[in-house]
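I have placed the structure first, in the form of structure tokens, so that the comments after it can refer back to it.
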Amino acid sequence: SINPDREPDPEENVPDPDPDPSPDPPDDDDMYFPVDYSKGGINFWYPPYTKGSVQEAMDFGGPRSGGRIHAGYDIGGGGVKGHKVYAIRSGTVTFVGNEGTRGFVIRIKHSTDDKHTMYMHLVVNSNTVKKGDTVKAGQQIGVMGDTPNGMYSIHLHVELDTTGKFEGYSKQLNPREYLQVTGNNKTNLPNPAKK
């Protein structure tokens, strides 16, 4: 029989649900230049250029031998080895490895916009990330190099597109504009080494 004077059985020890669960953290919308531009030897350029100059060839759309057009933007290392390379935006690493004349390459699909970046000519196996890793903006991902096999001077070649296919100048975006370069060796983006 039920005893009306009996205390009810205590409920099992179930934690109360969080009345105000925290929302998922917002995507990191930070953006950094891909190198420490305070280091000696770092150089990057802004038009106008002297026709046929190295600076013109280093820019997006610059003329190359054989009628080719430069599909990226080059940041020079001034012959200095060891410059660290940093992720411009947060995202997911989609490729790490050697890729013909592109040398040692890292590609990242951004989590904060519809872009992909490719970082070329890195020192072989200098990567601090692997395919599938999530990276934060300003995180070191590799080291500037001259790959493949010293074919180029030490520099970082950056390409930008919306597909991750990197199919050449006519199908890609201007990395110089994306990197907010405002003049010779000047950018509006923060320095990743100073964050």
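The first residue of the sequence shown is numbered 1, and numbering continues consecutively from there. These numbers come from the heavy atoms of this one structure, side chains and all, not from hydrogens, waters or symmetry mates.
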Lys186, NZ atom: more than 12 neighbouring heavy atoms under 6.0 Å: no

Residues that, via side-chain heavy atoms closer than 4.5 angstrom, fall in one hydrophobic cluster with Tyr49: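 Once heavy-atom contacts under 4.5 Å are chained together, Tyr49 belongs with Trp45, Val54, Met58.
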
Would you sort out whether Thr117 and His110 count as a side chain to side chain contact (heavy atoms under 4.5 Å, CB included), showing the intermediate values? CA-CA 8 Å; Thr117 42; His110 302 177; 3.1 Å; yes

Answer whether the closest heavy-atom distance between the side chains of [X] and [Y] falls below 4.5 Å.
| X | Y | value |
| --- | --- | --- |
| Val93 | Val135 | yes |
| Ile88 | Tyr119 | yes |
| Phe33 | Leu179 | yes |

In Å and rounded to the nearest 0.5 Å, what is the [atom1] to [atom2] distance from [X] to [Y]?
| X | Y | atom1 | atom2 | value |
| --- | --- | --- | --- | --- |
| Ile154 | Asp146 | CD1 | CG | 5.5 Å |
| Glu99 | Thr147 | CD | OG1 | 11.0 Å |
| Ile108 | Gln139 | CD1 | CD | 8.0 Å |
| Asp74 | Glu159 | CG | CD | 9.5 Å |
| Ile141 | Ile106 | CD1 | CD1 | 4.5 Å |

Yes or no on side chain to side chain contact (heavy atoms under 4.5 Å, CB included) for Lys171 and Asp161, after CA distance, side-chain angles and deciding distance? CA-CA 7 Å; Lys171 297 184 179 180; Asp161 81 1; over 6 Å; no

So which of Lys131, Lys130, Lys136 actually passes salt bridge (Lys or Arg N to Asp or Glu O under 4.0 Å) with Asp133? Lys130

So does [Y] get a backbone contact from the side chain of [X], meaning a donor-acceptor N/O pair under 3.5 Å?
| X | Y | value |
| --- | --- | --- |
| Gln55 | Tyr46 | no |
| Gln172 | Ala71 | yes |
| Arg64 | Ala57 | yes |
| Asp36 | Ser38 | yes |

Lys109: what forms a side-chain contact (heavy atoms from CB on, under 4.5 Å) with it, not counting sequence neighbours?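 Lys109 satisfies side-chain contact (heavy atoms from CB on, under 4.5 Å) with Thr94, His116 once adjacent residues are dropped.
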
Suppose we screen for side-chain hydrogen bond (donor to acceptor under 3.5 Å, both in side chains). Which residues come up paired with [X], at least two apart in sequence or across chains?
| X | value |
| --- | --- |
| Thr134 | none |
| Asn174 | none |
| Gln180 | none |

Applying ring pair (Phe, Tyr, Trp, His ring centres under 6.0 Å), which residue pairs with at least one partner in residues 55-108 are found, sequence neighbours left out? Phe60-Tyr169, His70-His157

Asp30 bridged to Arg89 by N-O distance under 4.0 Å: no

Arg176 with Asp59: basic N within carboxylate O range, under 4.0 Å: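 Result for this pair is yes, salt bridge flagged.
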
Using distance alone, with no hydrogens and no angle criterion, decide if Asp113 and Tyr178 have a side-chain donor and acceptor under 3.5 Å apart. yes

Please work out which of the three classes, parallel, tilted or perpendicular, describes the rings of His121 and Tyr152, given edges at 30° and 60°.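 Tilted, since the angle between the ring planes falls between 30° and 60°.
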
For the pair Leu189 and Val181, evaluate side chain to side chain contact (heavy atoms under 4.5 Å, CB included) and give the outcome as yes or no after the intermediate values. CA-CA 8 Å; Leu189 290 183; Val181 176; over 6 Å; no

Criterion side chain to side chain contact (heavy atoms under 4.5 Å, CB included) on Ile75 and Ile42, from CA distance to verdict: CA-CA 7 Å; Ile75 300 166; Ile42 294 294; 4.1 Å; yes

